[in-house]
Amino acid sequence: MLVMKPLLTPSILAANFANLEADIKAAEKGGADYFHLDIMDGHFVPNISFGPWVAKIMKTITDVPLDAHLMITNPREYIPRFLDAGVELIYPHIEASYDVYRTVQMIKDHGGRAGITLNPATHVSLVEGVLDLIESVLVMSVCPGFGGQEFIPSTMKKVTDLRTLLDEQKPSVRIAVDGGVTLENIRDLRKAGADFFIAGSAVFRAPDIEQRVRDLKKEMQ
Ligand code: DX5
Ligand code: ZN
């Protein structure tokens with residue numbers, strides 16, 4: 001079994017956009033490994049967030065790498081724009097296109113790093129179709145669309161099942177978990193086999209953002 005370093009990825013959806021820079025700097029000081037951009041189009045999910053321009057702003061604030069979670073119906077229309085804006089790793093949803101292989105291929109062709117996202121009710125075996133192209137699988141532990149939702153408990157088993165599948169077929173692929181990640185469940189998620197921990201409210205709604213990032217990182221070791 002390949003053991004990979006766990007990485008903490010604050011989701012800026014829960015940050016204070018009236019003072020984004022202060023929140024980002026605090027998370028960075030605490031040791032944030034990535035920042036997560038939640039892209040919602042009001043169609044694939046029942047909420048609208050922001051576009052590539054926020055990635056450009058983030059690049060003026062921080063050197064911490066960015067990932068983009070595309071909760072959008074037409075990911076291929078926007079992938080080049082996110083990559084041009086400085087996003088390194090892109091996670092389209094497997095449910096968004098019947099030809100998702102082409103979507104993932106496009107990320108690679110444009111020089112990006114590719115992951116794939118699974119909704120809570122999507123079976124882990126579906127990743128097999130794109131395994132040759134991806135470096136990580138993002139497991140949704142809430143229904144996408146909103147921050148601050150409660151963690152779906154069956155995600156633990158899903159992460160374990162996915163880890164088994166990946167260890168058999170492509171051990172280098174990392175598992176990301178997104179939604180309702182807290183100080184209380186992050187250790188169990190690590191034990192189940194997750195490597196990337198995406199946390200919005202747990203980081204940015206904390207009284208001390210910097211300290212919370214440190215605490216989450218300590219718990220996930
Ligand atoms: C939900 C998003 C998540 C969200 C996580 O659609 O994909 O990234 O921002 O937020 P918390 O950690 O508050 O559940
Ligand atoms: Zn997300």
Side-chain angles (χ1 to χ4, degrees), residues 6-17 20 23-24 26-27 30 32-52 54-55 58 64-73 75 78-79 82 87-96 107 113-122 134 136-156 158-159 174-190 194-207 209 212-213 215-217 219-220:
L7 298 172
L8 188 76
T9 304
S11 163
I12 69 165
L13 192 66
N16 175 11
F17 272 67
L20 188 60
D23 277 14
I24 298 305
D33 297 294
Y34 273 79
F35 285 109
H36 181 80
L37 309 186
D38 282 308
I39 314 303
M40 307 176 180
D41 65 355
H43 187 264
F44 184 74
V45 289
N47 198 9
I48 300 177
S49 60
F50 46 77
V54 170
M58 287 292 289
V64 172
L66 307 177
D67 75 42
H69 172 196
L70 302 185
M71 291 163 272
I72 62 179
T73 304
Y78 298 93
I79 283 165
F82 280 103
V87 170
E88 285 190 8
L89 174 57
I90 300 203
Y91 290 102
H93 265 263
I94 206 159
E95 304 85 4
I107 299 170
R113 293 163 47 202
I116 194 76
T117 310
L118 304 180
N119 268 334
T122 302
I134 58 168
S136 44
V137 179
L138 191 162
V139 175
M140 284 308 300
S141 37
V142 298
C143 284
F146 301 93
Q149 300 183 81
E150 210 159 300
F151 182 83
I152 299 174
S154 59
T155 310
M156 287 292 175
K158 195 169 175 182
V159 170
R174 288 175 179 266
I175 297 177
V177 180
D178 184 14
V181 172
T182 62
L183 273 174
E184 286 68 43
N185 59 23
I186 199 165
R187 186 177 287 267
D188 287 344
L189 281 166
R190 178 61 179 158
D195 311 286
F196 276 111
F197 301 91
I198 297 162
S201 317
V203 170
F204 291 111
R205 299 291 153 90
I209 293 171
R212 180 58 59 85
V213 170
D215 291 345
L216 285 163
K217 290 193 70 153
E219 281 298 309
M220 77 189 186

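Remember, it's 1-based here, ligands and their atoms both numbered in the order they're listed. All heavy atoms count here, side chains included; hydrogens, waters and symmetry mates do not. The residues of the chain are indexed from 1 along the displayed sequence.
Taking the charged nitrogens against the carboxylate oxygens, Asp67 and Arg113 have no contact shorter than 4.0 Å, which rules out a salt bridge.
Counting the atoms of ligand 1 from 1 in the order shown, those under 4.0 Å from a heavy atom of Ser201 are 11 (P), 12 (O), 13 (O). Each of the following atoms of ligand 1 lies closer than 4.0 Å to a heavy atom of Met140: 7 (O). Which parts of ligand 1 touch Leu13 is read off a 4.0 Å heavy-atom cut-off, strictly below it: atoms 9 (O). Near Met40, with a cut-off below 4.0 Å to any heavy atom, the atoms of ligand 1 are 6 (O). For ligand 1 and Gly179, the ligand atoms under 4.0 Å from any heavy atom of the residue are 14 (O). Atoms of ligand 1 found under 4.0 Å from any heavy atom of Pro144 (numbered from 1 in listed order, with element): 6 (O). The ligand atoms of ligand 1 that sit less than 4.0 angstrom from a heavy atom of His36 are 8 (O). Near Met71, meaning under 4.0 Å from one of its heavy atoms, ligand 1 places the atoms 6 (O), 7 (O).
Shortest distance from the Zn ion (ligand 2) to His69 is reached at ND1 (N/O/S atoms only). No other N/O/S atom of Asp38 lies as close to the Zn ion (ligand 2) as OD1 does. The N, O or S atom of Asp178 with the smallest distance to the Zn ion (ligand 2) is OD2. The atom of His36 nearest to the Zn ion (ligand 2) is NE2, with the search restricted to N, O or S atoms.
In terms of modelled atom types and a separation under 3.5 Å, the side chain of Asp188 and the main chain of Asn185 share no donor-acceptor contact. With hydrogens and angles ignored, the 3.5 Å screen pairs no side-chain donor or acceptor of Ser141 with any backbone N or O of Phe151. With Asp38 contributing its side chain and Ser11 its backbone, the two residues share no donor-acceptor pair below 3.5 Å. With Arg190 contributing its side chain and Ala194 its backbone, the two residues share a donor-acceptor pair below 3.5 Å.
Atom 1 (C) of ligand 1 has Phe146 O, 3.4 Å as its closest protein atom, hydrogens excluded (heavy atom only). Nearest protein heavy-atom neighbour of atom 9 (O) of ligand 1: Asp38 OD2, 2.8 Å. For atom 12 (O) of ligand 1, the closest heavy atom belonging to the protein is Gly200 N, 2.7 Å. Closest to atom 14 (O) of ligand 1, if we only count protein heavy atoms, is Gly180 N, 2.8 Å. Atom 5 (C) of ligand 1 has its closest protein heavy atom at Asp178 OD1, 3.6 Å. Regarding atom 10 (O) of ligand 1, its nearest protein heavy-atom neighbour is Gly147 CA, 3.7 Å.
In terms of polar-atom proximity, defined here as any N/O pair under 3.5 Å, Gly145 does make such a contact with ligand 1.
Across Leu13 and Phe146, no two heavy atoms sit closer than the pair CD2-C, 4.4 Å. When all heavy atoms of Ile209 and Val203 are compared, the pair lying nearest together is CG1-O, 3.5 Å. Nearest heavy atom pair, residue Tyr91 against residue Ala176, reads OH-CB, 3.9 Å. For the pair Ala202 and Ala199, the tightest heavy-atom approach, listed with the atom from each and the gap, is CB-CB, 4.2 Å.
With a 4.0 Å heavy-atom cut-off, ligand 1 is reached by the side chain of Ser11 but not by its N, CA, C or O.
The one candidate from Ile186, Val142, Leu8, Thr9 that meets the side chain to side chain contact (heavy atoms under 4.5 Å, CB included) condition with Val181 is Ile186.
At a cut-off of 3.5 Å, with distance as the only test, a side-chain donor of His43 or Thr73 sits close to an acceptor on the other residue.
Ligand 1 lies within reach of Ala199, whose nearest heavy atom is under 4.0 Å from it. Using a non-hydrogen distance threshold of 4.0 Å, Gly148 registers as a contact of ligand 1.
Classified by interplanar angle (parallel below 30°, tilted 30° to 60°, perpendicular above 60°), the ring pair Phe17/Phe50 is tilted.
Using a 4.5 Å heavy-atom cutoff, the side chains of Lys158 and Leu118 are in contact.
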